[in-house]
Amino acid sequence: MTGTKNSWNKSSWKNCTALQQPNWPDETKLNEVLAQITTLPPLVFAGEIRDLKASLAKAVEGEAFLLQGGDCSEEFSRCTAPNIRDTLKVLLQMAVTLTYAGGKPVVKVGRIAGQYAKPRSSDTEMVNGEELPSYRGDMANSAEPVLAARIPDPQRLLTGYNMSAATLNLLRAFTRGGFGSLRRVQAWNQEFVKQSPMGRSYERQARQISQALSFMETIGIDVDSPQLKQVQFFTSHEALFLGYEEALTREDSLDGGWYDCSGHMLWIGDRTRQIDGAHIEFLRGVLNPLGMKVGPNHDIDDILSILERLNPKNEAGRMTLICRFGAKGIEKHLPPLIRAVKKEGAKVLWSCDPMHANIRKTDGGHKTRSFEDILSELRCFFELHWAEGTVPGGVHFELTGADVTECTGGARELADEQLGQNYLTNCDPRLNAEQSLEMAFQIAEMIRS
Ligand code: PEP
Ligand code: CO
């Protein structure tokens with residue numbers, strides 16, 4: 001069935017084809033877990049979701065800038081205070097760098113507190129001659145390459161909910177409780193980054209900001225105001241497992257609208273954005289800001305129809321198009337899409353994901369991305385928008401605060417042969433903290449106001 005326009009409810013996606021769902025072996029058990037999640041408290045609140053949408057609406061006009069980033073795939077075993085803190089730290093460092101250069105607010109959205117579900121290009125994979133179900137994220141199965149671990153287990157949905165709650169709890173504590181205060185801008189520099197050229201550039205910039213704050217204080221401006229002491233930080237993930245998303249979808253008592261309270265912003269992957277598919281059907285009815293990944297294999301008319309379906313009132317802040325064409329594909333694919341969207345008058349926030357079409361496999365067998373390719377796609381993204389007179393309003397990264405060796409290049413010129421030193425990801429390769437900060441400095445150069 002195609003999603004008929006007038007009959008949305010939080011279960012209406014079940015009438016459409018849902019791609020990329022785990023093959024849960026026991027439907028009764030799945031439904032029991034989902035029923036339980038339905039009774040549990042929402043993870044985020046409708047009012048926060050509305051705040052994020054309003055901030056994104058500003059970014060559409062170029063009055064703010066979206067920074068979205070985090071793991072490709074969060075892992076239950078890495079849901080620890082140091083990991084959460086370090087990811088938050090690097091995002092705050094990047095944000096302050098971009099704010100300082102661009103002179104406009106940076107909307108901070110983590111790929112965090114719920115990024116546990118992954119689409120895969122194939123249902124199964126061959127490991128040492130054995131065909132195993134693919135790893136679909138910790139909320140479905142385990143990455144461990146043995147058959148028993150790869151059978152999807154619905155109990156993992158509940159664990160995912162609990163881990164998301166624990167992560168959000170710490171993020172809220174950090175961002176409300178003073179850790180995110182601009183006064184601590186120097187303290188966000190991590191030990192292993194401090195010694196690097198990036199760390200030193202950051203230190204210099206942080207010192208200037210601290211001096212500006214001291215000056216304000218000297219002349220009697222209140223620097224302990226919430227604007228400086230607290231930071232607004234939002235969560236996002238790919239809305240992939242629709243049973244889980246439905247279970248956290250709640251009607252807001254204030255505006256009577258439906259909100260998917262599993263995260264503030266949700267995105268639709270490049271593999272699940274079929275106009276008649278279950279993902280579009282589900283997401284059209286919730287009021288969250290939505291991202292949509294757009295890769296090289298898209299049809300422009302199709303994208304326009306999806307925008308109309310998901311955002312019939314053409315509300316700014318509702319839709320973010322997260323383009324991922326690759327350093328080699330962006331010049332071909334982005335301008336026609338920009339022109340079509342502009343001609344249609346569709347209000348979208350243009351964001352660049354320079355990660356997902358720049359993947360390569362090394363001779364040593366590591367899936368990696370090079371800093372140069374990522375930066376090159378970003379540069380083109382900005383330049384193409386400027387040439388078209390549209391707003392390059394955001395960026396989307398896979399990154400971590402940890403000192404991993406998953407992407408090559410950067411100031412330390414990490415080589416293919418060094419990837420094995422600390423390659424931790426179960427999914428796509430992430431920029432480490434130093435590479436992330438370097439990327440922020442590079443973007444800062446481009447957007448310097
Ligand atoms: C992702 O963001 O991890 C992802 C799978 O992206 P895409 O849908 O763009 O391939
Ligand atoms: Co990824």
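Model, not experiment: these values are computed from the prediction. Read the numbers this way: they start at 1 and go in the same order the structure lists the ligands and their atoms.
If you run side-chain contact (heavy atoms from CB on, under 4.5 Å) between Leu399 and each of Asp71, Val404, Leu431, Asn432, only Leu431 comes through.
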Item to check | Derivation and outcome, salt bridge (Lys or Arg N to Asp or Glu O under 4.0 Å), residues Glu48 and Arg172 | outcome: CA-CA 12 Å; Glu48 300 170 330; Arg172 290 186 193 282; 2.6 Å; yes

Checklist entry - Can you check salt bridge (Lys or Arg N to Asp or Glu O under 4.0 Å) on Arg360 and Asp373, steps first, answer last? => result CA-CA 11 Å; Arg360 65 185 175 91; Asp373 289 344; 5.2 Å; no

Next on the checklist: For a salt bridge (Lys or Arg N to Asp or Glu O under 4.0 Å) check, start with the C-alpha distance between Lys29 and Asp153, then their side-chain angles and the critical distance, and finish with the verdict.
Outcome noted: CA-CA 9 Å; Lys29 201 165 160 221; Asp153 175 2; 3.5 Å; yes

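Residue Cys427: no N/O/S atom is found under 2.8 Å from the Co ion (ligand 2).
Side-chain contact between Leu88 and Ile112 is absent, with no heavy-atom pair separated by less than 4.5 Å.
Residues passing the ring pair (Phe, Tyr, Trp, His ring centres under 6.0 Å) test with Phe325 are His298, His333, sequence neighbours excluded.
The aromatic rings of Trp8 and Phe282 sit tilted, their planes meeting at an angle between 30° and 60°.
Salt-bridge annotation for Asp123 and Arg136: present, with a side-chain N of the basic residue lying under 4.0 Å from a carboxylate O of the acidic one.
Looking only at N/O/S atoms, Glu398 comes nearest to the Co ion (ligand 2) through OE2. Restricting His356 to its N/O/S atoms, the shortest distance to the Co ion (ligand 2) is reached by NE2. Nearest N/O/S atom of Asp428 with respect to the Co ion (ligand 2) is recorded as OD2.
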Put together the list of close N/O pairs, under 3.5 Å, between ligand 1 and the protein, could you?
unit_1: ligand 1; atom_1: 2 (O); unit_2: Arg111; atom_2: NH1; d: 2.9
unit_1: ligand 1; atom_1: 2 (O); unit_2: Arg111; atom_2: NH2; d: 3.3
unit_1: ligand 1; atom_1: 2 (O); unit_2: Lys293; atom_2: NZ; d: 2.7
unit_1: ligand 1; atom_1: 2 (O); unit_2: His356; atom_2: NE2; d: 3.4
unit_1: ligand 1; atom_1: 3 (O); unit_2: Arg111; atom_2: NH2; d: 2.9
unit_1: ligand 1; atom_1: 3 (O); unit_2: Lys118; atom_2: NZ; d: 2.7
unit_1: ligand 1; atom_1: 3 (O); unit_2: His356; atom_2: NE2; d: 3.0
unit_1: ligand 1; atom_1: 3 (O); unit_2: Glu398; atom_2: OE2; d: 3.0
unit_1: ligand 1; atom_1: 6 (O); unit_2: Lys293; atom_2: NZ; d: 2.8
unit_1: ligand 1; atom_1: 8 (O); unit_2: Asp270; atom_2: N; d: 2.9
unit_1: ligand 1; atom_1: 9 (O); unit_2: Lys293; atom_2: NZ; d: 2.9
unit_1: ligand 1; atom_1: 9 (O); unit_2: Arg324; atom_2: NE; d: 2.5
unit_1: ligand 1; atom_1: 10 (O); unit_2: Arg271; atom_2: NH1; d: 2.9
unit_1: ligand 1; atom_1: 10 (O); unit_2: Arg324; atom_2: NH2; d: 3.0

